[in-house]
Protein chains: 2
Amino acid sequence: MDEETDGIRQNRLPERSIDTADRRLLGVLVEDATVSYAELGEKAGLSAPAAHERVKRMRRSGAIRQTVAMADPRSVGKPLLAFVHVDTRGWGKTPELMAVSSFPEVEEIHTVAGDACILLKVRTEDTRALEGLLARIYDTPGVTSTRSYVVLSTYLERPVQPGITQDWPAPKLGTNPIY
Amino acid sequence: MDEETDGIRQNRLPERSIDTADRRLLGVLVEDATVSYAELGEKAGLSAPAAHERVKRMRRSGAIRQTVAMADPRSVGKPLLAFVHVDTRGWGKTPELMAVSSFPEVEEIHTVAGDACILLKVRTEDTRALEGLLARIYDTPGVTSTRSYVVLSTYLERPVQPGITQDWPAPKLGTNPIY
DNA sequence: CTTGAAAAGTCAACATA
DNA sequence: TATGTTGACTTTTCAAG
């Protein structure tokens with residue numbers, strides 16, 4: 001029982017305590033969310049309803065943000081991956097710049113500390129489409145420059161790992177690109 | 001499915017034809033893979049078995065790489081996200097460097113064109129853990145330097161979008177960070 | 001696309017610590 | 001009191017027609 005007894009229990013909506021059993025469940029679901037609750041419980045040392053109950057709770061609390069299918073980039077016509085560093089005049093977090101999230105090519109938007117203000121992860125069909133996307137980013141007010149890092153090969157790309165609780169199957173250390 | 005698919009099969013099946021109906025199915029599954037096939041078919045204008053058949057085919061062909069739960073980074077104790085540019089002596093794609101994939105903090109490994117050789121996406125508990133990870137990366141033979149971009153806020157982070165086939169619900173353009 | 005058997009998900013009352 | 005278990009019951013899955 002790794003209970004966190006800090007006494008005061010106010011009406012905090014998200015109960016974010018993740019115990020060892022939850023971590024085991026997450027460890028399975030992060031690799032394959034198509035398993036049945038029976039199998040999931042078996043792998044985590046729980047009965048099916050118990051596993052289900054905990055998973056439901058983690059979904060409610062936000063510990064599991066969502067369960068999604070990961071599409072193959074090439075199959076959907078976006079084989080070109082790039083990271084774009086965006087420099088802006090002033091503080092870059094403007095609504096106009098955040099509006100780039102409406103481009104389906106943009107998968108991630110972060111503000112970063114370093115020599116760049118904003119970092120984008122973008123996926124396009126080819127270099128021409130990337131050029132077009134960059135042109136639209138340049139059109140955004142406040143943007144002064146961009147630097148693009150075009151990905152040649154991707155060797156690892158996986159969701160958030162819930163941390164090591166016990167033995168962990170070594171990830172297939174890719175000496176060959178997965179894309 | 002107690003199939004012992006250890007993920008080693010990185011088969012590239014030539015069957016990669018994705019039509020409009022497949023794209024609609026993917027569009028739903030990429031946002032929420034917990035829907036039933038009945039609901040999935042309804043949203044994509046197909047019967048449940050038809051939807052099921054197509055999804056199975058996309059899983060076999062690799063168009064759907066996997067179906068996973070996305071864990072909240074904070075809930076699993078990794079609130080600090082950083083992108084690390086790694087410079088190497090010679091061609092950096094050595095097995096030693098690829099072995100960093102055994103660190104659960106490392107989520108992505110790419111080789112890139114630009115002023116860096118390799119780009120890592122890493123998630124750690126705090127700056128101290130990031131420092132430790134960087135130290136281990138420095139220990140790797142051939143690594144000459146690293147530059148880290150620590151993420152201050154994440155405004156968008158989503159899986160590969162299957163492309164726009166028709167009306168697409170505008171993603172909640174985040175003016176507030178999601179982490 | 002429809003069907004139907006098999007499997008999984010879901011709920012309630014009980015047990016446990 | 002909160003969490004796990006067992007077993008009945010409902011829904012979904014999925015291959016055959």
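Everything numeric in this text was worked out from a predicted model, so none of it was measured. Only heavy atoms go into these numbers, but all of them, side chains included; no hydrogens, no water, no symmetry mates. Letters go in sequence order (proteins before strands), and every chain restarts at 1.
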**Request:** Could you run through nucleotides 9-17 of chain C and give me one letter per nucleotide, 5' to 3': B if any protein heavy atom sits under 4.0 Å from the base, S if only the sugar-phosphate is that close, - if neither?
**Result:** SSB------
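One interatomic measurement links the two molecules: CZ of Arg57(B) to P of dC14(D), which rounds to 16 Å at whole-angstrom precision. Atom CD in Glu53(B) sits about 8 Å away from atom P in dA15(D), given to the nearest Å. Atom CE in Met58(A) sits about 13 Å away from atom P in dT3(D), given to the nearest Å. Protein atom CD of Glu39(B) is 13 Å distant from nucleotide atom C1' of dT11(D), rounded to whole Å.
Ion pair Arg147(A)/Asp87(A) flagged as a salt bridge, since at least one NZ, NE, NH1 or NH2 atom sits closer than 4.0 Å to an Asp/Glu carboxylate oxygen. Remark: Glu157(A) engages Arg123(A) in a salt bridge, criterion side-chain N to carboxylate O under 4.0 Å. Looking at Lys43(A) and Glu39(A), a side-chain N of the basic residue comes within less than 4.0 Å of a carboxylate O on the acidic one, giving a salt bridge. Remark: Glu125(A) does not engage Arg74(A) in a salt bridge, criterion side-chain N to carboxylate O under 4.0 Å.
Considering CG of Leu133(B) and OG1 of Thr127(B), their distance stands at 12.5 Å, rounded to 0.5 Å.
Between Ser47(A) and dG4(D) there is no side-chain N or O to OP1 or OP2 distance below 4.0 Å.
For Glu131(A), the CD atom sits in a loose shell: 12 or fewer heavy atoms of surrounding residues, nucleotides or ligands are nearer than 6.0 Å.
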